[in-house]
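One structure is given below, encoded as structure tokens.
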Amino acid sequence: MDIILIKYGELALKGDNRAFFENKLVKNIKEALKGYDGIKVEKTHGRIYVEFDGNVNEVIDKLKKVFGIVGMTVAKKVDLDLDAIYNAAIELMRSYSGKSFKVETRRPNKSFPYESMEISRMVGGKILQNVEDVHVDVHNPDIVLNIEIREKAYLYSGITDGIGGMPLGTNGRAVVLLSGGIDSPVAAWMMMKRGVEIEAVYFHSPPYTQERAKDKVIDLCKKLSEYGQDIYLHVVNFTDFQLAIYDKCPPKMTTIIMRRMMMRVAENIANKYGAKALITGESLGQVASQTIESLYCTNEVTHMPVFRPLIGMDKSEIVEISQKIGTYDISIRPYEDCCTIFVPKHPIIKPDLEEVIDGEKNIDYEKFIDSLVIDQIKIKQDS
């Protein structure tokens, strides 16, 4: 029968904790494929197998968005019998007329009475006898026929890349400060790739920001949810606080004070919903609020780790990832968020912490946090 053979990488290095990560990956695969009939997911040492009915390309497309999978291929599964292996190899190679090939065998199951090189040699001979217009090239073949001898024999050629990483849900939960721009969705995706489930917080400033700006963030969450989880989006009505900043704080410090308030609010949400870290899309030196001095002042108000996976990237690298994961076209919609609306002409680049603390002394931020209106929107991964 044809099955999908799934390969994973660093999970195999987890020692005594390996089963935890493998079982979570199996669970996530089942969740990704729950809408398909005839799906059966099995785990053996070092491999996961998916039996399926229906369109294999649709199943593969779903698996491409499951973190933890480094590769997948459609394989023939046969009994540990030489004749069965010969027949499967011949059937597989008949679609490659005119190609050069080699056979590579792995034999984790040492009870099978033939060694790897011996199996490759015998199978290659049978192919040459029974498949027209193919020839062997062990150095630069068009086709590599892979054979794995496990509890059954698996034969396949070619691997479709997965996105790798760690199974989602194996490394806790964090809150991402999600704007409508290019960077923060990429930062969220990169932390999801490391197994972190996310909650999202968006700061909305009506009437200065349009409803379409909020809709853009909702659509970004929908796109991120395709990678394996429901996402709760916390929409914070931030207008009153921003107006207070511009009324009571030094103009050059308004951006850094606004960022400090955002971090306080995000940490408050994280504590309420069991998250243990914050995520931002900051890249060092990209704008005034992302210098080392500014980040130092921003971090001062938080008590939990702040992950900045884009910190060493330039804009072109970030854009490339956003295009790959499907968020770019949403992010470039021309609707501005509160960070771009309320920007001073000359923001301070290298703020001094003591001066910033003094600059916000007229703001009762605890009172503002208590009075904030926060709407929660659940974005389901199958929406």
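Just so it is clear, the structure is predicted and the values come from calculations on it, not from any experiment.
A salt bridge does not link Lys324 with Glu320: every distance from a Lys NZ or Arg NE/NH1/NH2 to an Asp or Glu carboxylate oxygen is 4.0 Å or more. Remark: Asp370 does not engage Lys367 in a salt bridge, criterion side-chain N to carboxylate O under 4.0 Å. Classification of Lys99 and Asp133 as a salt-bridged pair fails, no side-chain N sitting under 4.0 Å from a carboxylate O. Under the 4.0 Å criterion applied to side-chain N and carboxylate O atoms, Arg264 and Glu366 are not assigned as salt-bridge partners. Ion pair Arg150/Glu42 not flagged as a salt bridge, since none of the NZ, NE, NH1 or NH2 atoms sits closer than 4.0 Å to an Asp/Glu carboxylate oxygen. Look at Lys77 and Glu51 and you find a salt bridge, because one of the NZ, NE, NH1 or NH2 atoms lies within 4.0 Å of a carboxylate O, short of that distance. Looking at Arg259 and Glu282, a side-chain N of the basic residue comes within less than 4.0 Å of a carboxylate O on the acidic one, giving a salt bridge. Between Asp219 and Lys216 there is no salt bridge, since none of the side-chain N atoms of the basic residue sits less than 4.0 Å from a carboxylate O of the acidic one. The residues Lys102 and Glu104 are annotated as salt-bridged, a charged nitrogen and a carboxylate oxygen being separated by less than 4.0 angstrom. Salt bridge absent: Asp161 and Lys64 never bring a charged side-chain N and a carboxylate O closer than 4.0 Å.
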Exercise. Run the numbers on Ile349 and Glu293 for side chain to side chain contact (heavy atoms under 4.5 Å, CB included), then give the verdict.
Key: CA-CA 8 Å; Ile349 297 175; Glu293 293 83 0; 5.9 Å; no

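A heavy-atom distance below 4.5 Å is not found between the side chains of His204 and Phe238.
The local environment of NZ in Lys272 is sparse, with at most 12 non-hydrogen atoms from other residues, nucleotides or ligands closer than 6.0 Å.
With ring centers used as reference points, Tyr232 lies 6.0 Å or more from His234. The six-membered or imidazole ring of Tyr114 lies near that of Phe112, with a centre-to-centre distance under 6.0 Å.
Nearest approach of Phe101 to Gly124, heavy atoms of both residues: CZ-O, 3.9 Å.
Criterion: ILVMFWY side-chain heavy atoms under 4.5 Å apart, direct or through other members. Under it, Leu177 and Tyr273 are part of a common hydrophobic cluster.
Between the NZ atom in Lys193 and the OH atom in Tyr227 there is a gap of 10.5 Å [rounded to 0.5 Å]. From Ser205, atom OG reaches atom NZ of Lys214 across 12.0 Å, with rounding to the nearest 0.5 Å. For the atom pair NZ of Lys248 and NZ of Lys361, the computed distance is 13.5 Å after rounding to the nearest 0.5 Å. Between atom CZ of residue Arg212 and atom CG of residue Asp215 there is a gap of 8.5 Å, rounded to the nearest 0.5 Å.
Side-chain atoms of Asn299 and Arg308 include a donor-acceptor pair closer than 3.5 Å.
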